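Naming convention: chains lettered A, B, ... in sequence-line order (proteins, then strands); numbering from 1 in each chain. Quick note: numbers below take in every heavy atom, side chains included, and nothing from hydrogens, waters or symmetry partners. Everything numeric in this text was worked out from a predicted model, so none of it was measured.
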Protein chains: 2
Amino acid sequence: MNALPSDLVRAAQELSEAVTRPIPGSRKIHVQGSRPDLKVPMREITQAQTPTLFGGEANPAITVYDTSGPYTDSDYAVDLAAGLPAVRAAWIMERGDVEQLPGLTSAFGRERAADAKLDPLRFGHARAPLRAKPGANVTQMHYARRGIITPEMEYIAIRENQRIEALKDSALRRQHPGESFGAALPKLITPEFVRDEVARGRAIIPANINHPECEPMIIGRNFLTKINANIGNSALSSGIAEEVEKLVWAIRWGADNVMDLSTGKNIHETREWIIRNAPVPIGTVPIYQALEKVGGVAEELTWELFRDTLIEQAEQGVDYFTIHAGVLLRFVPLTAKRVTGIVSRGGSIMAKWCLAHHQENFLYTHFEEICEIMKAYDVSFSLGDGLRPGSVADANDAAQFGELDTLGELTKIAWKHDVQTMIEGPGHVPMQLIKENVERQLEKCHEAPFYTLGPLTTDIAPGYDHITSAIGAAMIGWFGTAMLCYVTPREHLGLPDKQDVRDGIIAYKIAAHAADLAKGHPGAQVRDNALSKARFEFRWNDQFNLGLDPDKARELHDERLPHDAHKSAHFCSMCGPKFCSMKITQDVRDYAAEHGVDESAALDEGMAEKAAEFRAQGAEVYHKA
Amino acid sequence: MNALPSDLVRAAQELSEAVTRPIPGSRKIHVQGSRPDLKVPMREITQAQTPTLFGGEANPAITVYDTSGPYTDSDYAVDLAAGLPAVRAAWIMERGDVEQLPGLTSAFGRERAADAKLDPLRFGHARAPLRAKPGANVTQMHYARRGIITPEMEYIAIRENQRIEALKDSALRRQHPGESFGAALPKLITPEFVRDEVARGRAIIPANINHPECEPMIIGRNFLTKINANIGNSALSSGIAEEVEKLVWAIRWGADNVMDLSTGKNIHETREWIIRNAPVPIGTVPIYQALEKVGGVAEELTWELFRDTLIEQAEQGVDYFTIHAGVLLRFVPLTAKRVTGIVSRGGSIMAKWCLAHHQENFLYTHFEEICEIMKAYDVSFSLGDGLRPGSVADANDAAQFGELDTLGELTKIAWKHDVQTMIEGPGHVPMQLIKENVERQLEKCHEAPFYTLGPLTTDIAPGYDHITSAIGAAMIGWFGTAMLCYVTPREHLGLPDKQDVRDGIIAYKIAAHAADLAKGHPGAQVRDNALSKARFEFRWNDQFNLGLDPDKARELHDERLPHDAHKSAHFCSMCGPKFCSMKITQDVRDYAAEHGVDESAALDEGMAEKAAEFRAQGAEVYHKA
């Protein structure tokens with residue numbers, strides 16, 4: 001953290017045009033729910049008409065799931081210093097089960113708040129925290145199990161459907177049957193389906209009562225596959241301004257969740273800026289901050305200090321905590337013969353603590369007390385896989401699976417408290433061993449949502465691990481992983497910069513979408529169909545805009561054919577004007593249509609004279625437009 | 001083709017330093033076979049010693065398959081105007097079944113040769129072509145079926161093994177059991193195994209007798225998964241110089257085959273330059289050039305003209321031809337209702353020809369005559385999938401599978417002539433439909449090698465189709481595809497430039513290697529293990545050099561920690577000096593080693609005092625190096 005405080009504040013209050021300008025060809029829309037304050041944001045991509053040459057039909061706007069929050073809404077004035085609107089505030093308060101506290105509960109939080117030196121760094125509009133009233137449980141799972149459909153659940157049902165019902169029986173809805181493993185997917189998501197999945201523990205809604213700015217979303221294998229992007233500074237690089245900008249950048253490209261993995265200084269203040277400006281759930285690994293508090297000496301960690309950290313973060317609004325409670329003393333030696341030992345930071349911290357104290361992991365021994373905290377704020381568990389493999393050699397070994405089984409036991413305990421829970425998974429796994437991970441996780445963890453990092457399917461491509469892992473991520477998503485933690489090209493080499501974040505997110509949007517297609521998620525193929533139709537009809541701008549990264553597609557195209565006229569040209573630089581196969585196909589169709597028969601009949605009747613006629617016309621491949 | 005001829009020649013005779021400089025950390029080695037002129041080139045990556053802190057052991061050099069030819073051999077002086085050494089010339093001649101022709105057989109070839117205006121463009125050392133003696137059959141399949149192990153087969157056996165036997169029982173050979181579909185993989189590849197696979201038609205050795213510069217390689221699912229890179233100019237861009245440079249660039253990154261898909265002018269002369277300088281098999285789609293000869297008017301194509309083109313290219317040394325002989329008249333109408341019709345250029349040309357003439361595809365009706373040409377030069381078939389799907393919506397449909405079944409019939413005919421044959425496959429296929437493609441291909445095409453383009457698993461990411469397709473490519477490779485045709489980021493948007501070629505190849509090397517790991521190819525995991533061990537031991541340079549792209553890995557690392565000292569630092573910019581999980585793991589191991597017990601025993605005996613001792617030492621995470 002080398003920048004001066006004043007620089008930090010200035011930069012954190014301004015976002016670059018790069019992260020807020022409108023997404024090309026799109027506008028923000030809001031779908032109205034059952035109550036006036038329930039408006040679900042989506043992104044609508046407009047399409048041009050099919051060129052006359054190809055039939056001249058109108059093409060419907062395509063609605064897509066939108067994670068970017070108000071930042072991409074041209075009607076919204078960004079003000080980072082004020083934070084985002086608290087869209088969930090009324091819903092939380094009207095349930096009548098929370099109380100506003102007079103100040104922070106955490107001793108560390110109070111100490112930071114009282115330190116005037118930090119004033120220049122501080123987010124100016126922090127609210128007093130909310131907590132469940134004594135004896136109350138404010139988790140979405142608790143409500144779900146009592147049969148209550150919360151506004152959050154209704155919001156999610158609308159959001160997941162992406163207005164596909166508006167397309168009615170359009171050919172764009174044509175879709176291959178999926179192959180889903182486990183529960184059957186409904187044709188449309190209903191609020192009751194959302195409630196039921198949360199009640200069963202098959203899905204979670206990360207939604208801390210202190211993060212009312214968050215637009216509700218769900219993580220479960222019977223919903224759209226989600227992706228997480230990590231941000232966070234380290235002792236060596238990156239400050240507050242950069243982290244807030246990275247957050248907004250990440251959600252612009254489609255990150256459904258963001259984890260703040262900061263390990264540097266001013267973690268507390270940085271986090272406040274991030275959460276107050278985050279329309280997506282924020283996850284953390286609280287052990288990182290706890291370790292900072294003891295000067296990086298793992299042996300000096302204590303339950304009391306860790307507990308204070310959990311409360312500190314819960315009252316800021318962190319939506320889920322990675323807790324490495326499955327790193328048990330007896331599993332640690334199982335890693336000694338590995339090629340890459342323990343590669344999880346949290347896992348190695350806890351392993352070191354266990355060995356140093358020769359005691360069982362305090363996260364495990366205090367697990368029920370952690371549950372008490374989680375349910376008072378509705379923080380979800382992300383049970384960490386501290387012993388995940390760091391190389392394909394170490395995949396699916398006794399340490400990894402021993403920990404996974406323990407996470408299953410802990411899931412049962414969390415659910416006893418109605419605490420929402422997901423399970424973290426690997427890592428580095430060759431393709432033939434991926435399915436076993438999901439099957440075992442579903443069985444041992446009772447269908448709690450699986451949240452995996454990749455997995456990387458080979459270790460030999462540093463600099464390209466967004467690709468080695470997108471392969472594994474797509475497959476594991478298909479098999480049932482609910483959320484995919486992204487990997488960037490800089491994995492194993494350094495902290496990602498903005499371009500790395502974009503590359504990592506797009507690779508993971510691809511993996512998640514490929515998984516949704518394979519599972520047969522309702523409407524998943526609409527966007528593919530629309531884009532392919534646009535491609536076939538040479539609607540270049542529509543092809544770009546329907547893609548995951550319109551800017552990149554346009555840039556790659558324009559390097560060769562920069563002129564606007566080429567955007568509607570009926571050829572491209574790959575084949576040139578004479579060789580376009582799409583154009584030839586269209587000629588074939590036109591021929592059939594002009595002659596009042598379909599091609600099949602023309603051929604079946606053996607009309608050789610029609611062939612001659614087609615030829616006589618010239619049958620030009622390239623009709624000058 | 002806007003450049004002047006003199007520019008073309010100059011540029012084609014010089015390669016940039018970018019494509020010829022030595023690959024970092026590597027040297028070219030040659031493994032001696034059973035005869036003096038059989039020397040198999042490989043790349044040896046040297047490794048540093050493990051740092052003393054981690055045990056100080058020596059690490060063996062790792063040998064990897066090398067496609068880059070003499071260009072990366074520091075002892076070789078590149079001379080494009082002379083062409084590469086003819087490593088196979090003696091083997092071809094000593095079989096006694098070929099004759100040298102007085103000149104070119106092709107009328108078109110003779111016409112070009114006689115045109116003095118082309119002199120400035122021409123490769124200066126073209127040889128008179130070879131052809132099988134009357135009645136002879138010179139295919140590798142023909143030899144294999146007669147029980148002959150050719151030098152090419154021995155070369156391939158040595159090459160495929162990558163000297164893993166030299167590692168003896170090193171821990172680096174540890175490998176997960178693979179899951180292979182179909183034939184069992186041997187522990188080591190023998191020349192007899194190569195012969196047997198070729199004889200059965202399960203593998204091909206593309207090796208035209210007029211391409212003696214080619215270093216023999218094999219395409220079959222019981223061998224390493226191969227990748228193909230496409231180069232080629234079009235009417236709109238790219239010249240000879242750029243194409244030769246792209247060839248050398250492509251093989252540097254690991255392309256096993258290169259297809260020249262040129263459709264612009266001077267195809268004949270460009271191809272000569274490429275083949276004379278290509279140490280890898282070169283494939284073409286002869287219909288592209290045939291169409292050029294009739295001014296781009298598909299209806300004017302004739303069998304006679306096409307036949308002349310096949311001979312022209314066969315006598316230059318093209319190793320395999322894509323022939324779209326399965327695009328039958330009755331399949332064409334099946335594409336009319338598709339979202340993206342016919343997207344293969346060759347397929348659409350033949351479809352147009354069929355409709356215009358209302359006759360059956362002349363490639364189908366003259367197939368046996370084509371076989372006669374193929375066996376006279378040992379050109380392999382790559383039976384083209386002209387009706388492959390161009391969108392996920394069109395995957396696995398009646399048109400695609402109808403054509404595939406026809407390709408199976410044609411395979412039987414080719415094999416009757418002992419002509420080597422592989423089958424091209426899609427395209428765009430969602431994950432849940434990929435396996436069906438391989439299963440059907442294996443069944444209907446009698447286990448002839450499958451050669452697929454991707455497949456892309458979603459259509460929504462123009463600009464990133466190397467990734468959408470690497471997912472499908474890895475999976476289809478695992479299921480049994482023998483060669484993967486790469487897709488670059490510029491797919492659907494324009495012709496790839498050098499950076500696109502590199503990105504596409506690396507994505508496909510990843511997919512192919514992930515497939516080899518999953519199938520359990522012998523020794524496939526050695527490189528992963530070595531790289532992971534290097535990573536764990538903070539041998540940064542070894543990590544970079546063992547990767548598929550050392551330059552990129554080093555570049556991404558150095559942007560954050562540029563100093564050489566950091567290359568041996570025991571931390572990296574991701575976590576900083578205090579938080580390195582690998583370092584913590586090493587501390588755990590050291591602790592166990594120092595105390596003369598393994599960690600397991602230390603724990604089982606409940607030695608709390610040892611824990612105290614460990615703590616008292618300080619147990620620093622970061623030992624200053």
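The two residues A:Trp478 and B:Met475 make their nearest non-hydrogen contact at CZ3-CE, 3.6 Å. Nearest heavy atom pair, residue B:Lys337 against residue A:Arg174, reads O-NH1, 3.7 Å.
Residue A:Asp394 holds its CG atom at 9.0 Å from CZ of B:Phe536, rounded to the nearest 0.5 Å. Within the model, atoms NE2 of A:His492 and CZ of B:Phe544 stand 12.5 Å from one another, a figure rounded to the nearest 0.5 Å. Here OG1 of B:Thr488 is found 8.5 Å from CG of A:Leu556. Values are rounded to the nearest 0.5 Å. In this structure, NE2 on A:His428 lies 6.5 Å from OG on B:Ser532, to the nearest 0.5 angstrom. To the nearest 0.5 angstrom, B:Thr468 atom OG1 is 6.0 Å from A:Ile510 atom CD1. Residue A:Leu493 holds its CG atom at 10.0 Å from NZ of B:Lys552, rounded to the nearest 0.5 Å.
Interface remark: of the candidates A:Leu546, A:Asp500, A:Asp497, A:Asp497 forms the most heavy-atom pairs closer than 4.5 Å to chain B. When the candidates A:Ile467, A:Leu456, A:Ile434, A:Asn529 are compared by the number of heavy-atom contacts under 4.5 Å with chain B, A:Ile467 comes out ahead. Per-residue counts of heavy-atom pairs under 4.5 Å with chain B were compared for A:Ala470, A:Gly547, A:Ala393, A:Pro177; the largest is that of A:Ala393. Taking chain A as the reference chain and counting heavy-atom pairs below 4.5 Å, the highest number among B:Ala511, B:Ala518, B:Ala507 is found for B:Ala518. If you tally non-hydrogen atom pairs under 4.5 Å between each of B:Ala515, B:Ala171, B:Ala474, B:Ala473 and chain A, the highest count goes to B:Ala474. Options A:Gly463, A:Ala524, A:Gly520, A:Gly472 differ in how many heavy-atom pairs under 4.5 Å they form with chain B, and the most are formed by A:Gly463.
For the pair B:Arg535/A:Pro462, a side-chain contact is recorded, criterion being any heavy-atom separation below 4.5 Å from C-beta on. Taking 4.5 Å as the limit, every side-chain heavy atom of B:Lys509 sits out of range of all side-chain heavy atoms of A:Ile460. Contact annotation: the side chain of A:Thr458 never approaches that of B:Arg527 to less than 4.5 Å [non-hydrogen atoms, C-beta and beyond]. Taking the side chain as every heavy atom from C-beta outward, A:Gln525 and B:Val392 approach each other to under 4.5 Å. For the pair A:Asp549/B:Tyr464, a side-chain contact is recorded, criterion being any heavy-atom separation below 4.5 Å from C-beta on.
Contact annotation for B:Leu531: only side-chain heavy atoms (C-beta onward) come within less than 4.5 Å of a heavy atom of chain A. Only the side chain of B:Ile506 comes within contact range of chain A, with at least one heavy atom under 4.5 Å from a heavy atom of that chain. For B:Ala530, no part sits under 4.5 Å from any heavy atom of chain A, backbone or side chain. Interface residue B:Glu179: backbone and side-chain heavy atoms are both found under 4.5 Å from chain A. Of the two parts of B:Asp551, neither the backbone nor the side chain holds a non-hydrogen atom closer than 4.5 Å to a non-hydrogen atom of chain A. Residue B:Pro489 touches chain A through both its backbone and its side chain, counting heavy-atom pairs closer than 4.5 Å. Contact annotation for A:Leu433: only side-chain heavy atoms (C-beta onward) come within less than 4.5 Å of a heavy atom of chain B.
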Could you go step by step and tell me if B:Asn396 and A:His176 meet the side-chain contact (heavy atoms from CB on, under 4.5 Å) rule?
CA-CA 10 Å; B:Asn396 294 24; A:His176 294 287; 5.6 Å; no

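Between B:Lys533 and A:Asp459, none of the side-chain N atoms (NZ, or NE/NH1/NH2) sits under 4.0 Å from a carboxylate O, so this pair counts as no salt bridge.
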